[in-house]
> 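One structure, pasted below without further comment.
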2 protein chains.
Amino acid sequence: MPKTSQAAGLHRASLAKLHDLDAALELMYYGWRGMTLEADDYLARQGLSRPHHRILYVVARRPDIAIGALIEILGISKQALNRPLNLLLERKLLTSKRSPEQHRSKLLRLTAAGHRIEQRASDHERKVMRQAFERAGASGTAAWMAVMEAIADNN
Amino acid sequence: MPKTSQAAGLHRASLAKLHDLDAALELMYYGWRGMTLEADDYLARQGLSRPHHRILYVVARRPDIAIGALIEILGISKQALNRPLNLLLERKLLTSKRSPEQHRSKLLRLTAAGHRIEQRASDHERKVMRQAFERAGASGTAAWMAVMEAIADNN
DNA sequence: GTTCTCATGTCAACTATATTGACTTGAGAA
DNA sequence: TTCTCAAGTCAATATAGTTGACATGAGAAC
């Protein structure tokens, strides 16, 4: 696990702008950093990191999800999922049980402790977003979401 | 180097929303992915990846930057910079020379080939942003930037 | 009832990106 | 001549991911 994460390169560096859209590229970069910084620090103090949070986040929103479906959503291989998932099971932040009828797949659920950590980590991120949206007002928030959807759906 | 990057977990996954701000968290995640996807594919075809692009991006905007200053801006350790930087020098995408007076530090510059790759990779990202901004109009763009600045500056 | 399929689990080897710590080198300054 | 400081290098470690190969165990098909 990483130490506490040095506030690294947070400058919003004073780089010359070669293109008018350079500011937008940098805002995406530093925006992602800004949103995840405190959450990552919190997770590191729990001995966890971003992949663990992604697992907790998805399972919280899809209780009784099977492992195959989780792999699909996370977009990583079974083997890559294995380690962080087992850590979460060992730490009893997740439980896995086979369903009575579909005995083939294992169903994942958060424990109370898992819910608590997922919530606190996500709360750090939501706090950042809430403050930004408060300053921007309802129309600014709607505009932000519209732009982000256009960017996200650029597949 | 990674292969071609499987379009992984691109679902904009249909997860139940536990909080009203969950959509915003997911938009940040998929937005970052959407912006960087094509650029990363292009870079992978050149045998490069995101850290190499970050180096090229910064040096393009700060010609004659010293290695220490670059480390500062990137927020990584000297040792972590070493490998990708040496690759870029070997490939002659960067040049390093000592300055006449300040002979202690090395000054980095892009070669023509380095400029070309930096530009093409960044162009993929700018293209995504430009399309999103065109749909959103000038006021939507301004609102997006204001929100992102608030998020980024949450340090 | 044996065989086929399929979800899951696990082992090994590899790559990439990062870290810290300990050192060297070489130039400039005191 | 010694001290400082930027840069370079080596080793060990952690994390996050990959592919390939193979085991297990349950359900379904024949």
Side-chain angles (χ1 to χ4, degrees), chain A residues 1-9 29 33 36 40-41 43-56 59 64-90 94-108, chain B residues 1-9 29 33 36 40-41 43-44 46-55 59 64-90 94-108:
Chain A
M1 300 294 146
K3 305 288 102 148
T4 0
S5 124
Q6 293 312 342
Y29 182 79
R33 286 290 230 61
T36 56
D40 283 347
D41 270 7
L43 288 163
R45 284 193 302 275
Q46 312 302 314
L48 301 174
S49 57
R50 196 126 289 274
H52 303 109
H53 185 203
R54 282 201 282 154
I55 295 170
L56 295 175
V59 176
D64 287 336
I65 190 174
I67 289 188
L70 183 56
I71 285 167
E72 266 278 294
I73 289 179
L74 295 178
I76 59 174
S77 65
K78 176 175 61 163
Q79 295 90 331
L81 178 62
N82 200 30
R83 259 175 205 253
L85 183 61
N86 279 332
L87 180 67
L88 296 174
L89 289 167
E90 276 167 33
L94 281 183
T95 57
S96 87
K97 58 169 180 208
R98 310 207 103 106
S99 72
E101 68 294 341
Q102 260 296 92
H103 209 63
R104 287 225 266 236
S105 5
K106 275 195 185 174
L107 306 183
L108 301 172
Chain B
M1 300 294 146
K3 306 288 102 144
T4 359
S5 121
Q6 294 311 341
Y29 183 79
R33 286 287 231 64
T36 56
D40 283 347
D41 270 7
L43 288 164
Q46 313 302 314
L48 301 175
S49 57
R50 196 126 290 274
H52 304 108
H53 186 202
R54 283 202 280 155
I55 295 170
V59 176
D64 286 335
I65 191 174
I67 289 187
L70 184 56
I71 285 167
E72 267 278 294
I73 290 178
L74 295 178
I76 60 174
S77 65
K78 176 175 60 163
Q79 295 90 331
L81 178 63
N82 200 28
R83 260 178 205 249
L85 183 62
N86 279 332
L87 180 67
L88 295 175
L89 289 167
E90 275 168 33
L94 281 183
T95 56
S96 87
K97 57 171 179 204
R98 311 205 103 106
S99 72
E101 69 294 341
Q102 258 296 91
H103 209 62
R104 285 225 267 237
S105 6
K106 274 195 185 174
L107 306 183
L108 300 172

> Using whole Å, report how far CG of A:L87 lies from C1' of D:dG17.
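Atom CG in A:L87 sits about 17 Å away from atom C1' in D:dG17.
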> Please report, rounded to the nearest Å, how far the C1' atom of D:dA7 is from the CG atom of B:N82.
9 Å
> What is the distance, to the nearest angstrom, from the NE2 atom on B:H53 to the P atom on C:dT17?
14 Å
> Nearest to the side chain of B:I76, which nucleotide is it out of D:dT18, C:dA18, C:dA7?
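Nucleotide nearest to B:I76's side chain: C:dA18.
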> What residue among B:L48, B:N82, B:L94 forms side chain to side chain contact (heavy atoms under 4.5 Å, CB included) with B:L87?
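Among B:L48, B:N82, B:L94, the one that satisfies the side chain to side chain contact (heavy atoms under 4.5 Å, CB included) with B:L87 is B:L48.
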> How close do A:H52 and A:L88 get, heavy atom to heavy atom, and via which atoms?
O-CD1, 4.0 Å
> Given atom CD1 of B:I65 and atom P of D:dA6, what is their separation to the nearest angstrom?
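About 14 Å, once rounded to whole Å.
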> Could you tell me how far apart B:L81 (CG) and C:dT17 (P) are, to the nearest whole angstrom?
12 Å
> Give me the atom names and distance for the closest heavy-atom approach of A:P84 to A:I55.
CB-CD1, 3.8 Å
> Kindly say if A:S77 contacts the phosphate of D:dT19, meaning a side-chain N or O under 4.0 Å from OP1 or OP2.
no
> Give the nucleotide from the list C:dG9, D:dG17, C:dT19 with an atom nearest to the side chain of A:A80.
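For A:A80, the side-chain atoms sit closest to D:dG17.
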> What is the distance, rounded to the nearest whole Å, between atom CG of A:N86 and atom P of D:dA16?
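Going from CG in A:N86 over to P in D:dA16 covers 14 Å.
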> Report the distance from atom CG of A:L85 to atom C1' of D:dA16, rounded to the nearest whole Å.
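Distance check: A:L85 CG to D:dA16 C1' gives 15 Å.
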> For a quick test of reading the model, state the closest non-hydrogen atom pair linking A:I71 to A:K78 and the distance between them.
CD1-CA, 3.5 Å
> Starting from C1' on C:dA18, measure out to CG on A:D40 and report it in whole angstrom.
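Going from A:D40 (CG) to C:dA18 (C1'), I get 14 Å.
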> Looking at C:dA18, D:dA6, D:dA16, which one has an atom nearest to any side-chain atom of A:S49?
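So the side chain of A:S49 is nearest to D:dA16.
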> Take A:P51 and B:A66, find for each the nucleotide of DNA chain D with the closest heavy atom, and name the residue whose nucleotide sits nearer the 5' end.
B:A66
> What heavy-atom pair brings B:L89 and B:S96 nearest, and what distance separates the two atoms?
CD2-N, 3.9 Å
> B:R50 side chain N/O closer than 4.0 Å to the phosphate oxygens (OP1, OP2) of D:dA16?
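No, outside the criterion.
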> Which value, rounded to the nearest 0.5 Å, describes the distance between B:I65 atom CD1 and B:E72 atom CD?
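Reported value, rounded in 0.5 Å steps: 9.5 Å.
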> Could I get a table of every N or O pair under 3.5 Å where one atom is in the protein and the other is in nucleotides 22-25 of chain C?
none

> Applying side-chain contact (heavy atoms from CB on, under 4.5 Å), name anything that partners A:P51, two or more places apart in sequence or on another chain.
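Applying side-chain contact (heavy atoms from CB on, under 4.5 Å) to A:P51 gives A:S49.
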> Counting only side-chain nitrogens and oxygens, does A:R54 get under 4.0 Å of the OP1 or OP2 atom of D:dA16?
no
